[in-house]
Every structure is written in structure tokens, then in C-alpha cells.
Chemist: 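Can you keep this structure in mind? I'll have questions shortly.
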Amino acid sequence: MLGKLVQFHSIEELPDSPVTKGTTLWNPTGTWRSVRPIHVSRLSPCLLGCPAGNPVETFIRLIEEGDVDGALSAIHEENPFPAICGRVCFHPCEDRCNRGSLDGPVAIHLLERWVADRGTWKPVPPEKENGKSVAILGSGPAGLTAAYHLRRMGYAVTVYEKDRKLGGLLRYGIPAYRLPRKVLNREIKNLRKMGIVFKTGKSLTEEEFDARGFDAAILCVGAQKFRDPKLVHQEGKGVWQALEFLRGVNENDRVSLQGKALIIGGGNAAIDAARSALRCGADVTIAYRRTREEMPAFGEEVEAAMEEGVNFVFQVAPQSIKRGSDGQVTGVGFVKTRPGKPDETGRRKVIINPHETFTIEADQVILATGEVPADLPWDLEIRYGESLCETDREDVFVAGDVAGRQRTVAYAIGWGKRAAIAVDAYLQSKKVNFNKIAVPGGEGISMRAYLGTAQIPDKPVVPYEEVNTYYFPESEAARGRVLPKQKRLEGFNEVVQGLASPQARNEAARCFHCGDCVMCDNCLIFCPDVAISRAEGKEGYDIDLDHCKGCGICARECPRGAIIMVEENI
Amino acid sequence: MIEPNYSIEEEREFLHPGHLACQGCGATIAIRYVLKALGEKTVVVIPACCWSIIAGLFPSSCLGVPLIHTAFETSAVAATGARAALDMQGKEDVHVLAWAGDGGTFDIGFQALSGAAERNENILYCCYDNEAYMNTGIQRSSATPVGAWTTTTPKGGLEDRPKKNIVRIMAAHGIPYAATANVAFPDDLYRKAKKAASIRGMKFIHILSPCPTGWRIPSSESVEVARLATLTNLFPLYEVENGTDLTVNYIPPKKVTVENYLRPQGRFHLMSEEEKEGIQRQVDAAWEALLREAKKR
Ligand SMILES: Cc1cc2nc3c(=O)[nH]c(=O)nc-3n(C[C@H](O)[C@H](O)[C@H](O)COP(=O)(O)OP(=O)(O)OC[C@H]3O[C@@H](n4cnc5c(N)ncnc54)[C@H](O)[C@@H]3O)c2cc1C
Ligand SMILES: Cc1ncc(C[n+]2csc(CCOP(=O)(O)OP(=O)(O)O)c2C)c(N)n1
Ligand code: SF4
Ligand code: SF4
Ligand code: SF4
Ligand SMILES: [Mg+2]
């Protein structure tokens, strides 16, 4: 704001001594400026990394402010399963976290877990029913998430699950030592309380769907079909499919396994099968075709398996199951492999050396050679459109593992949300620009952006170089305590423990809050022209553009890149 | 909202916008926090220096407190006079702040300053140090550091005499309080000015004030560069009470080499690698000596 210039119009008006009559506020030093600072909301890298679209930076900020329930609600706007994700998600958000370039990423998954375990969030039916109904096939994370969001929008939702219990691979794939059933049941129970109808042990045919007057359907039937390696003498007892074995373990808590168990494969199912087999009493070896570095399994999981005593044999390809005269499995015949040239995806081919054969002894063999998407139960084809959920029937959509792409829980959750939005847009004849509600350059999609309750920042992501690290003394990332090895092998107790509250608060305080002004006052403190002040009656700052000279100190000193300098049109 | 980490309680501003400092000038940040600490009952005395311009032209002033402009070499005596006049009127609660550049302090005003210190005048003398005569076009002063280019170092040559250690010289007068400060550490600066205000007698604060124009840096980097001076131990933050009691106020969390401070500044671009290494050695030795002396306390 400009002030008044004091001027003298005659000698008489001049004071006797040259004494000050006014301030310099009349002087528009803003005219010196060629660039102008603006406080902006920018994308934080963690948001780009989360396939479920969790508002990571926002919920961490709420933890720091002491509002745990608020933090939980913020996640629930996007994702109904923070307690599950906080435990089993491979946290790609942390791979992107800027703090990783300093001293280790913020332990986002542990904070998500802590919020979900400590906060309260009340599931309630929607205020208004909209009179339309949707059928969902499959109760894995994709189906349940789609159901959750549609129910919140006022749809009557029925989930058909062909299994006895709800949860898909969350229940029948992922073992309880990583995801306790209590936690799974708690988050599923929330959905029941919202008035979602579940039909278990049942599916729905296309004819039934048409006959019962549903307005739309989403097929979330997963990718649990066995990829058969077709080994010689594979048929017969002593040979399990990984998912079949895990299902047995997960239904009965324990399958008695004596002697040597040999697991074939290098993915997460192989590791889960191996660690479960250990807990069932077996002596366990994993045999994988490629090198350790090439294992698709999550690194932390591989390490945990090694720690627990699983043996690994790399670069071997199975050929045949060896059986004794009584038909009992005695081992597996392998050939050695070596890496070949990379294929078009960059992955190296496996070259088999048929002359180097050998046998590994085993009493049980578990084939974890992978799964492929289930055949769609209805006579339809997937037709990826704008939402990536379309089929060739306009009222039928797909989501989750069945639709291919990346197959993880967080993806399934993000995809379930996509499908819910696609269904709503179709049934309410809304035009949705999926580019506008997807995180730019990221994986997730925002329900709040779709509903118009929050915006995705439209300013470029804050790179590490723009974080002013002076303000963040180095500190180590929090880690969950783990059960001692002996305790782990006694049963299926959860291995990784959550954070204690003081630990969680410290961890939240490690977040830079990339691109989000937290009102730390730094810009105001360092402005040489006293041109920045706290905005009156609202959050944020006012910049006195009549006087700001555009020096850029505020932008440089902002710890988190929340001020950008833009050129003036001169 | 997450609480700001600063402990500067004074919300009022005694420095007003519209002043005439260059973009990014550190000398303005410096006075802002000193005046917040002293409050409205303050008289400021300014000799010839950038600040005589920054303050604005008659009849305007950017300061919310009375200001006396005085001749280049006279800030300490002018302040002494103002003090005496106030005391005679019984206004002992009014602070007198002499606010001078490094040229006015280390060089031409030094005789007056040393006299005031010797007499233990009840004033606060702050030197905002931008390490050269900036107002008249970047001429060298005895505060110009080794290796710096100025417009009055012979062509191709660089400053080769070490910067005068003004705080130790002032402390050697046995005055109650002498300290260093840096605009990049406003909390520390504010605390020191507050402490000085609570002490009777002569107080001296030497404030490192980055000058984008003379240091040859972008205006946006001035605070960052000033901070590096302290993070590299080249400009340590410390205070000396009663001539001898030395306290180091800030210990950098990790070692940062002086190269990080020198590299961004155009004024050091003519330095060779060996010269930079020489500076690193001097800085390391001086820092060790400072810590040893602080321990003796
Ligand atoms: C052993 C194992 C461990 C894993 N661990 C992790 C992990 O730690 N973290 C992670 O992120 N991801 C993990 N994954 C991957 C993750 O579990 C899946 O990506 C995710 O569960 C996919 O969700 P979805 O809803 O698409 O399918 P699913 O979870 O497979 O659910 C599909 C559901 O549809 C039901 N269904 C099928 N056909 C019909 C029908 N016709 N009618 C009605 N219902 C039907 C099925 O019974 C099932 O309940 C793991 C996978 C495996 C196999
Ligand atoms: C006796 C005298 N000599 C020279 C000048 C010209 N002069 C005005 S300001 C100035 C430089 C002041 O340098 P410094 O004290 O370091 O303050 P800065 O300008 O760097 O802020 C000079 C040489 C003067 N005003 N009076
Ligand atoms: S520091 Fe915080 S805001 Fe920045 S990427 Fe990491 S979690 Fe996100
Ligand atoms: S410096 Fe602090 S107050 Fe300023 S914009 Fe950045 S976060 Fe906000
Ligand atoms: S020349 Fe330097 S010290 Fe003088 S006003 Fe400009 S920036 Fe400030
Ligand atoms: Mg100077």
C-alpha cells in the first residue's frame, strides 16, 4: 500500500531544521521489480508416487497439527483401507519422497498405519440415496474400494463374492503375519456399516444382472488364474500351486508341512509361500530362474525371508518333478541358466544351459510361477477408454488386477476409485476429464478433485533442489520394531510393529511439506522490504506489490518451494 | 498451522517499505531485527554509508524512530552527544543506536569509536558489515576479506591483507558486550540486540550483511550466502562479555567447506585453488582457537 508523499509548496512551509515529516511508504519501489513472488500450492513428489491417490502431505500435516482424526478422514476421502495399505503397500510414495535425497524418505506407510490404528473415523450411510443401484463382482481391494466410493455418493451397492469370505487376495493371498485378520476385518466392517450389501459364496451372471434391474456393474474378479509351468510329473500329490497353498494356510492358520519344501518362483507369492511354509514347520528353499536383483518380489520381503532362514538358489530353471516309486515327491530336476540379451521391455532373457542339470531334494513343491488375469465371467471384452475401466457394454466396467497393468493393492484401490467415478459419470451423464482429476505425472486419481471438494495443485512438482535443506537437520527415518526371529516362527503373529505415538510425531515432523505453505513465517522474516505480512482473517500471506522489489529472497528461503517467481509483463 | 520457529516476539515493524536499498540488501534485514529488539524508544545515528541513502530523502524516512544523519567519521561521538542530551533531559530509558558501515567503523570512524568504548559510553554501536565501501562503488576497506575483488584493488590483484578482527579489538577495550551476528540468523541477532539493550555501557555488535551488488551475487541468494559464512565457520557467531568471557553461540551441525561460500560469489572468482585452500586452513585454525578460548571460560 502506498503512503502519502510530503511536499512543501513554499519556503514558509519548510521546517526550521530538516526534520522528517513522513515515511517512505509513498515510494513505489514495486516498479523496480521484474519478477514477482507468488505463494502457490505445488505438487509434492509423494502424491505422484501413491497409486491409491492418498493425500500424503496433507495427512502428515494434520498429524503434525495434532489432528489424528482429521488425518484419518483426509485419507478416507480417497482410500478406505489405510490400515491395510500402511501394512502391505510397497510404498512407492517413499521412492519419490524428497527427503530420500537427504537422509531417508519419510516413513509414509508407517504414518498411514499409525493414523489408521489410532484415529477414529465413523462409517455412516450416505445422507441421500440417489435411487440407483450397482452390482460389483469380487471383493478384493478393487471391488471393495469401488463399492465404498459409490456408496458414499448415494448408490445402493451389492458386492457379489464367490468365495466364502470377503477380501480377495487380502484374505486368501497375503499371510496374517503381514496383515492380521483383525485389521482386515475391521476395515471391511466399516463398509458394512455404510450399508453396502454383501453376498458371499455367490456370483452374478450377466442374465441375472439384466433381470435384476441394476444400473451398472463393475467386474473386479482379480488375476488369480494359475500360470502353469507344465513340469514333467507335476500332477499328483506333494505339488501345490502357491495360491492354493496360501489359501490353505490362511483358512486354517497352519498347514502341517514336514521336511523340505521347495518353492519355485521369485515374486511376492513365492516369498509369502516360503515364509508361511517356514511357519508350518518346513525347511524351505526358493529356486528362481534369474538373479536376486531381478526378483520381482519386494526387496524388504526378500530380506525378511533370508533373515528368517529361507535358502535361495538363483539362476536355475525347473524341468521335472522327481517322484519315488510310491509316487512321493523326492526332488526337482533343474538346469542352470544365464542371462541373455535384454528384450524390448529391458528385461534380460533367460538362456537355459541344457547340459548342466542337477536335482534339489524336496518333500513338497510349491509352484509360485505367477498368476494371470481371470477370464471375465461375462461375455465381454475390456476396452480401455478414458477411465481405463470400460468394456464393450457401456454399463459394465472393470477394475483391479483383472484389468492388467500393475498388480498391487494400492493400484487396485486407485483403480476401484476410477471405476466408481466412471460409473457415476455414466449414470449421472457427467462429462469427466480424467486428466483433470488424475495427479499430473503421477499414478493416482483424486476423488476430492472429482467431487470438487479439493483441488490437485496445478503447479509443477517440487524437486529436491528447491527444498532449502538448511531448515531440516538430518535425522534418521523411523522404522517399525520387528518381532525377534524366534517369536516370528512360532506362528502367524504380525512381524512388523507400528510406531509408538512419540515416534510417529517425530516422523511426521521430518516431512518437508514440499510445495505446501505451512505458515512458518520464513518469507516474512527475511523480506528486506518488509513487504510480506500475514493475511488478515485467513491463512496465508499478503505481498505488498507496491513495494516488493522482487529480490527473490522469500522464494529462495522458503524451506519447501511454496513461492515461485514469475516474470512481470514489462 | 505449524508454529513458526522464531522467538522474535515484537510484531511491530520499525523499518518501513519504500526504502532505497538495492534488491536483496542485507543491511535492511539487519536493522529490522535490531530495532524490533530496541523498540520505539530509540534514537538512531547514521554516518555516511549506504544507509544514509536507504533511509530516504528529506522529509521522508523509512525508520519509525528518530534518526540523525552525521558525518562519515563521527557516528560514535554523535551517538555520545545524543546520549548526553537525552540523559540531561532525564530520558535514560531511550536507547541510542549508532548504525554504521564497515568503512565508517573499521576505518574512518574508528578513532571516535575507540574513544567512546574507552569511556564506556552507554550506547549500542552496530556495524553492518558488507565488507567494502559499497555506497561509493565497492572500494576496499579493512573489513574486505582476503581474496575478494573490489574496484580499488590493483588490476588483476586481490585483497591480500586479512580482515581486521573488529570484535576482538572492541572486546579488548574491556567493554561490557561485544558480539558478532549475521542477518541469516535473525533469532540470534534479535536476542543479542535485546541483551545489549539490557546492559548499561558500551555495546558493540558486528553484523555480517550481504550486499548483492558488491558481492556479485543474485539478490535472491544474499541470505543463503550470508548463512554459508557462518555454516563454514568463516564468520562464527559468538559474544564476548566484559572483555574476556567468550561464548560461541552456534556450532554448525556438519562441516561445510569454505569453497561453498566462495564459489557463488563473483567477488571471489579470481581466486586460485591454492588460495582457497589457504583460506580453509586459516578458517579451521581460527575456529579451533575460538573453541579453545570459549572452553577456558
Ligand atoms: C501372495 C500374494 C501376495 C501379495 N502381496 C501383496 C502385498 O503385500 N502388497 C500389495 O500391494 N500387493 C500384493 N499382492 C497383489 C495384490 O494382492 C493384488 O494386486 C490385489 O489384491 C488385487 O485386487 P483385486 O481386487 O483386483 O483382486 P483380488 O484381490 O484378487 O480379488 C478378486 C476377488 O474376486 C473374486 N471373484 C473372482 N471371480 C468372481 C466371480 N465370477 N464372481 C464373484 N467374485 C469373483 C475372487 O474370489 C476374489 O475375492 C499380492 C498378491 C499375491 C498373490
Ligand atoms: C569524510 C568522507 N569521506 C568520504 C565520503 C564518501 N563516502 C560516503 S559513503 C562512503 C562509503 C561508506 O562505506 P561503508 O562505511 O562501508 O558503508 P557502505 O556504503 O558500505 O554501507 C564514502 C566513502 C564521505 N561522505 N565523507
Ligand atoms: S518430504 Fe513430505 S511432502 Fe515432501 S515428498 Fe516426502 S512426504 Fe511428501
Ligand atoms: S517460507 Fe514458510 S511461510 Fe513462506 S511460503 Fe514457505 S512455507 Fe510459507
Ligand atoms: S549497495 Fe549493497 S549494501 Fe548498499 S544498499 Fe545496495 S545492497 Fe545494500
Ligand atoms: Mg561497507
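It should be emphasised that the depicted structure is a prediction, and the values quoted were computed from it without experimental measurement. The sequence lines fix the lettering, A, B, ..., with proteins before strands; numbering per chain opens at 1.
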Chemist: Any non-hydrogen side-chain atom of Asn5(B) less than 4.5 Å from a side-chain atom of Tyr471(A)?
Modeler: no
Chemist: Pick one of side chain, backbone, both or neither for Leu14(A), based on which atoms fall under 4.5 Å of a heavy atom in chain B.
Modeler: side chain
Chemist: State whether the number of non-hydrogen atoms from other residues, nucleotides or ligands found under 6.0 Å of Arg263(B) atom CZ is greater than 12.
Modeler: yes
Chemist: Between His69(B), Glu221(B), Glu13(B), who has the most heavy-atom pairs with chain A when the cutoff is under 4.5 Å?
Modeler: Glu221(B)
Chemist: On a heavy-atom basis, which atom in Ile525(A) and which in Pro186(B) lie closest, and how many Å separate them?
Modeler: CG2-CG, 3.6 Å
Chemist: Considering only heavy atoms, which portion of Gln7(A) lies under 4.5 Å from any heavy atom of chain B: side chain, backbone, both, or neither?
Modeler: neither
Chemist: Using 0.5 Å steps for rounding, measure from the NE2 atom of His16(B) to the CH2 atom of Trp26(A).
Modeler: 14.5 Å
Chemist: Measure the shortest side-chain to side-chain distance between Val530(A) and Arg32(B) over non-hydrogen atoms and say whether it is less than 4.5 angstrom.
Modeler: yes
Chemist: Check whether any side-chain heavy atom of Glu557(A) lies under 4.5 Å from a side-chain heavy atom of Arg227(B), and answer yes or no.
Modeler: yes
Chemist: How about Thr20(A) and Pro59(B): do any of their side-chain heavy atoms sit closer than 4.5 Å?
Modeler: no
Chemist: Given heavy-atom pairs under 4.5 angstrom as the criterion, report whether the side chain, backbone, both or neither of Leu231(B) touches chain A.
Modeler: side chain
Chemist: To check you understand the geometry: which heavy-atom pair defines the closest contact between Ala55(B) and Thr24(A), and what is its length?
Modeler: O-CG2, 3.7 Å
Chemist: Measure distances from Glu224(B) to the heavy atoms of chain A and classify the residue's part below 4.5 Å as side chain, backbone, both or neither.
Modeler: both
Chemist: Are more than 12 heavy atoms, taken from residues, nucleotides or ligands other than Glu10(B), located less than 6.0 Å from that residue's CD atom?
Modeler: yes
Chemist: Donor-acceptor pair, Thr28(B) side chain versus Pro528(A) backbone, under 3.5 Å?
Modeler: yes
Chemist: Counting only heavy atoms not in Glu476(A) (residues, nucleotides, ligands), do more than 12 fall under 6.0 Å from its CD?
Modeler: no
Chemist: Could you look at Pro15(A) and say if it's the side chain, the backbone, both or neither that has a heavy atom under 4.5 Å from chain B?
Modeler: side chain
Chemist: Between Ile8(B) and chain A, which part of the residue has a heavy atom less than 4.5 Å away: side chain, backbone, both or neither?
Modeler: side chain
Chemist: Quick one: do Phe58(B) and Val19(A) satisfy side-chain contact (heavy atoms from CB on, under 4.5 Å)? Show the steps, please.
Modeler: CA-CA 7 Å; Phe58(B) 167 76; Val19(A) 68; 5.6 Å; no
Chemist: Ser61(B) versus Thr23(A): any side-chain heavy-atom pair under 4.5 Å?
Modeler: no
Chemist: Do Phe526(A) and Val183(B) have side chains that approach each other closer than 4.5 Å (heavy atoms only, starting at C-beta)?
Modeler: no
Chemist: What part of Pro473(A) is in contact with chain B, defined as an atom under 4.5 angstrom from a non-hydrogen atom: side chain, backbone, both or neither?
Modeler: neither
Chemist: Working note: Glu11(B) + Arg534(A), criterion salt bridge (charged side-chain N to carboxylate O under 4.0 Å, His left out); need CA distance, chi angles, decisive distance, verdict.
Modeler: CA-CA 11 Å; Glu11(B) 289 192 359; Arg534(A) 285 196 165 218; over 6 Å; no
Chemist: Could you look at Asn468(A) and say if it's the side chain, the backbone, both or neither that has a heavy atom under 4.5 Å from chain B?
Modeler: side chain
Chemist: Hey, are the side chains of Asn27(A) and Ser60(B) touching, using non-hydrogen atoms and a 4.5 Å cut-off?
Modeler: no
Chemist: If every non-hydrogen atom of Cys551(A) is compared with every non-hydrogen atom of Gly24(B), which pair is closest and at what distance?
Modeler: CB-N, 3.3 Å
Chemist: Could you walk me through whether Lys549(A) and His19(B) pass the side-chain contact (heavy atoms from CB on, under 4.5 Å) check?
Modeler: CA-CA 10 Å; Lys549(A) 294 172 187 157; His19(B) 61 64; 3.1 Å; yes
